[in-house]
S.K.: 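Handing you a structure now.
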Amino acid sequence: MYKNAPFRGPGGDNMQWFGRRESDNVNDERGSGGGRIAIGGGVLGLIAAAIYFFTGVDPSALLNQVATNQPRQEQTANNGPEDAGKHFVRVVLADTEDIWTKLFSDMGKTYEKPQLTIFNDYVQSACGTASSASGPFYCPGDSQVYIDISFYDELKNRFGAAGDFAQAYVIAHEIGHHVQNLLGISQKMDAARSRLSEGAYNKLSVKLELQADFYAGVWAHYEKSMKNVLDKGDIEEALNAANAIGDDRLQKQAQGHVEPDSFTHGTSAQRMYWFKKGYETGDINQGDTFGNGDLD
């Protein structure tokens, strides 16, 4: 992916993205410290959810304790791998801007570009304060994506999902939530929360996340057909990442057993299926993971 890279990227693999357009909509809040519900929390956010569902313990207390006990690592905008990571994020975000601007234009709509904030340790969003342990997330309240780049190390080393396109998939998934926000799907989810039980809402949450995976696949389709920047193996990297962060796999790792009623993001097979469908079709109209009027 991303041709003619002269150096190695944030995941440690040869990155082929150097010299391409970078988005101006990236805020770097590393070293600066740290409402509505954030959507699309990452791997550790899923594990935190598993802690709650299986033990009844509020995961925020555990995660905050972990964050408090870890020494703070001050970052600057020019500190080697982290700086490469920032450039990588800006390139991926720029590609999502170009592709979704075109797709929205094709629908007769205007794509409003989101902001993306890079942080470490803690960050304050319109959805409240989040720690790095929550993983990447999208906040509908301020239309921003938030990511601690060190998450990529977790994705690679703990969950075996290495590669630049696995990392790009994470951003594309969160941008998928932004697309849902612009299309009014997130607002319907907010309305549904007040009238549904926790179990019923979890089922809707799964469908929301699977749709974001589908939108990430649509983006990948146009990375290939419009941008012509995919290398052999890139899609396999994204599918491997989707497989690695399925609810069933994460719960099996965390607790040794699976509780489908507590799923919030979908199984590994579901996540892979919807990403692949988006990639193969490139048709945003084929991404109705809800069906049956679930959000009507």
Side-chain angles (χ1 to χ4, degrees), residues 9-12 26-52 57-90 92-93 114-162 164 166-175 177-178 209 212 241 244-245 247 250 253-254 264-265:
V26 174
N27 307 310
D28 191 347
E29 295 188 2
R30 288 173 292 176
S32 65
R36 293 167 62 174
I37 294 176
I39 296 176
V43 171
L44 294 184
L46 291 174
I47 292 177
I51 293 172
Y52 173 78
V57 176
D58 180 359
S60 63
L62 299 178
L63 296 177
N64 287 338
Q65 182 178 4
V66 171
T68 300
N69 291 336
Q70 290 178 339
R72 183 175 182 81
Q73 298 179 350
E74 295 295 334
Q75 305 287 350
T76 67
N78 299 290
N79 59 350
E82 286 288 346
D83 189 50
K86 178 179 178 180
H87 288 295
F88 172 81
V89 166
R90 291 181 61 174
V92 174
L93 186 63
Q115 295 287 313
L116 186 150
T117 295
I118 302 172
F119 72 98
N120 58 353
D121 293 340
Y122 293 95
V123 69
Q124 181 66 43
S125 75
C127 297
T129 302
S131 74
S132 297
S134 299
F137 67 94
Y138 173 75
C139 177
D142 55 20
S143 299
Q144 288 199 48
V145 173
Y146 295 85
I147 185 169
D148 183 332
I149 296 176
S150 65
F151 170 79
Y152 288 143
D153 292 328
E154 190 81 11
L155 189 65
K156 175 185 177 181
N157 299 324
R158 184 171 182 176
F159 297 97
D164 59 324
Q167 297 169 359
Y169 155 74
V170 171
I171 297 174
H173 173 91
E174 302 306 335
I175 293 298
H177 287 304
H178 179 62
E209 295 298 332
I245 56 178
D247 281 329
L250 291 175
Q253 290 175 342
T264 58
H265 283 63

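Here the structure is a predicted model, which means the values were calculated and not measured.
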S.K.: Go through the steps to decide whether Ile147 and Glu174 satisfy the test side chain to side chain contact (heavy atoms under 4.5 Å, CB included), and finish with yes or no.
M.R.: CA-CA 10 Å; Ile147 185 169; Glu174 302 306 335; over 6 Å; no
S.K.: Between Glu29 and Val123, which heavy-atom pair has the shortest distance, and what is it?
M.R.: OE1-CG2, 3.8 Å
S.K.: Can you tell if the side chain of Leu116 reaches within under 4.5 Å of the side chain of Ile171, non-hydrogen atoms only?
M.R.: yes
S.K.: Taking all non-hydrogen atoms of both residues, which atom of Phe151 and which atom of Gly135 are closest, and how far apart?
M.R.: CD1-CA, 4.3 Å
S.K.: Which residue in the set Leu93, Asp164, Asp83 passes side chain to side chain contact (heavy atoms under 4.5 Å, CB included) when paired with Phe88?
M.R.: Asp164
S.K.: Evaluate the side-chain proximity of Ile175 to Pro114: yes if any heavy-atom separation is below 4.5 Å, no if none is.
M.R.: yes
S.K.: May I have the step-by-step check of side chain to side chain contact (heavy atoms under 4.5 Å, CB included) for Gln115 and Asn27, ending in yes or no?
M.R.: CA-CA 7 Å; Gln115 295 287 313; Asn27 307 310; 3.3 Å; yes
S.K.: Between His177 and Tyr138, what is the ring plane arrangement, given parallel below 30°, perpendicular above 60°, and tilted in between?
M.R.: parallel
S.K.: Give me the atom names and distance for the closest heavy-atom approach of Asp121 to Asp148.
M.R.: N-OD2, 3.6 Å
S.K.: Can you name the closest pair of heavy atoms from Ala161 and Ala241 and give their distance?
M.R.: CB-CA, 3.7 Å
S.K.: Could you pull out the closest heavy-atom pair between Arg30 and Ile149, with the gap in Å?
M.R.: NH1-CD1, 4.3 Å
S.K.: Over 60° means perpendicular and under 30° means parallel, so tell me whether Tyr146 and Phe119 are parallel, tilted or perpendicular.
M.R.: perpendicular
S.K.: Examine distances only and state if a side-chain atom of Tyr152 and a backbone atom of Gln167 form a donor-acceptor pair shorter than 3.5 Å.
M.R.: yes
S.K.: Which atom pair, heavy atoms only, marks the closest approach of Ala166 to Leu155?
M.R.: O-CD2, 4.1 Å
